[in-house]
Protein chains: 2
Amino acid sequence: MTKKDYSSLYLEKQLCFPLYAASRLTTKIYEPLLNALDITYPQYLVLMVLWQEEELTVNEIGSRLFLESNTLTPLLKRLEQKGLVTRQRAAEDERKVLISLTKEGNALKRRAVNIPEQLIANFNDESITEKEILQFQTTLKKLVGLLSDSMKK
Amino acid sequence: MTKKDYSSLYLEKQLCFPLYAASRLTTKIYEPLLNALDITYPQYLVLMVLWQEEELTVNEIGSRLFLESNTLTPLLKRLEQKGLVTRQRAAEDERKVLISLTKEGNALKRRAVNIPEQLIANFNDESITEKEILQFQTTLKKLVGLLSDSMKK
DNA sequence: ATTGAATATTTAGATGACCAAAAAATAGAG
DNA sequence: CTCTATTTTTTGGTCATCTAAATATTCAAT
């Protein structure tokens, strides 16, 4: 009786677990900076989309973040309550809900603009080179593209 | 009046957003396979830890997955309800709760062992080479190590 | 015009992740 | 030995994510 090889099930061998861990840990790193703006990380993502495009429907925001409208609806309501966005049915097609930045939502952009550099400042670590990070980012984006394509099927 | 540069806030420039997207998308890819075993992705992670170590305290599981006990407690209760693990106070230190696999929990390992290869089979894509994935995995692990170190401070 | 399919959003219910605080047990200092 | 501090887990509350189902609007075909 030979023992079966279960090494494929080791956490260290998998890609998915470190992705899951890295995602949660990076979100945590953002937290103190986002607390200062009184927003959460997913809310920050939605705002980043809107800072680029001003007015979008719920689904349009979702397609950029790979989120469905049922996740976004309550999140957007919270952003509306904070006075950062408005939600109104589109006149030309009342199925759609247009999300727009308020003046306050737009103003928050100026307070957020320093966040990326503040994070990078925490990471002047010699063990990972700039070049390695860029390569990593390239593969990561490819991976996201592949995964999202394979979801559509 | 010159316009401020907000390009640092573009989603594409950041590392955190694609990590977040990749994590969620990979979890989704696992879903149909895990549904067949009647477990969720975080439950699968806990089981993978236990398949390697048989019996651990709540905190010991948490340290491997970067999760706190307040996240694990309800999750472990659900695994207990499914009959996959047992939870009992340690005799030598009754503050600790020992989590052990049941016979069923151990048996599930045999049904899970094919999951990794089934996933890889979906990904015979030419746009990413094996070598690139290995490099990616290396950097990802380094990143997780850095992030978790920086949390401890 | 009316019916039926497709599209867009919302709601409901379950799980999970996080913080803060409480509860329970142990360890340590005097 | 007792009191306080520490460790470990649980509880309660909020937000986020997912599936499935409900609602409302638009479009297409007859």
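Hydrogens, waters and symmetry mates are skipped; everything else that's a heavy atom, side chains included, is used. Numbered from 1 within each chain, the chains take letters A, B, ... in sequence-line order. Note that the coordinates shown come from a computational prediction; the quantities given were computed from them, not determined experimentally.
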Evaluation steps, side chain to side chain contact (heavy atoms under 4.5 Å, CB included), between B/Lys28 and A/Leu147: CA-CA 9 Å; B/Lys28 251 187 205 166; A/Leu147 288 165; over 6 Å; no
Can you tell me how far the [atom1] atom of [X] sits from the [atom2] atom of [Y], to the nearest 0.5 Å?
X	Y	atom1	atom2	value
B/Glu92	B/Leu98	CD	CG	6.5 Å
B/Thr40	B/Arg78	OG1	CZ	7.5 Å
B/Thr102	B/Leu84	OG1	CG	5.5 Å
A/Phe66	A/Thr71	CZ	OG1	14.0 Å
B/Ile39	B/Leu33	CD1	CG	10.5 Å
B/Gln43	B/Leu76	CD	CG	9.0 Å

Under 4.0 Å: is that the gap between some side-chain N or O of [X] and OP1 or OP2 of [N]?
X	N	value
B/Tyr41	D/dC18	no
B/Lys77	D/dT9	no
B/Thr73	D/dT11	no
B/Thr27	D/dC18	no

Which nucleotide wins on minimum distance to the side chain of [X], given the candidates [options]?
X	options	answer
B/Thr40	D/dT26, D/dA16, C/dG16	C/dG16
A/Arg24	C/dA17, C/dT15, C/dT10	C/dA17
B/Arg78	C/dT26, C/dT15, C/dT10	C/dT15
A/Leu67	D/dT17, C/dT15, D/dT9	D/dT17
A/Ser69	D/dT10, D/dT26, C/dT9	C/dT9
A/Arg89	C/dT10, C/dG16, D/dT9	C/dT10
B/Tyr20	D/dT17, C/dA17, C/dT10	D/dT17
A/Arg95	C/dG16, C/dC18, C/dA8	C/dA8
B/Lys96	D/dT17, D/dT8, D/dT26	D/dT8
B/Thr71	C/dT26, D/dA16, C/dA17	C/dA17

Between [atom2] of [N] and [atom1] of [X], the distance in whole Å:
X	N	atom1	atom2	answer
A/Leu72	D/dT17	CG	P	8 Å
B/Leu75	C/dG16	CG	P	4 Å
B/Asp93	C/dG28	CG	P	11 Å
A/Glu68	D/dA21	CD	C1'	14 Å
B/Leu34	D/dT19	CG	P	13 Å
B/Ile29	D/dC18	CD1	P	13 Å
A/Asp38	D/dT14	CG	P	14 Å
B/Gln88	D/dT9	CD	P	13 Å

Taking the nucleotide of DNA chain C with the closest heavy atom to each, which residue, B/Gln43 or A/Pro74, is nearer the 5' end? A/Pro74
Nearest heavy atom decides the nucleotide; on that basis, is A/Thr57 or B/Glu92 closer to the 5' end of DNA chain C? A/Thr57
Looking only at N and O atoms, is any donor in the side chain of A/Asn70 or the base of D/dT19 less than 3.5 Å from an acceptor on the other one? yes
Is it true that the side chains of A/Thr57 and A/Asn59 contain a donor and an acceptor less than 3.5 Å apart? no
Any side-chain donor near an acceptor of the partner, A/Thr27 and A/Glu31, under 3.5 Å: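 No donor-acceptor contact under 3.5 Å links the two side chains.
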Let me test you: for the helix from C/dA1-D/dT30 to C/dG30-D/dC1, what is the angle between the axes at its two ends (five pairs each), rounded to 10 degrees? 10°
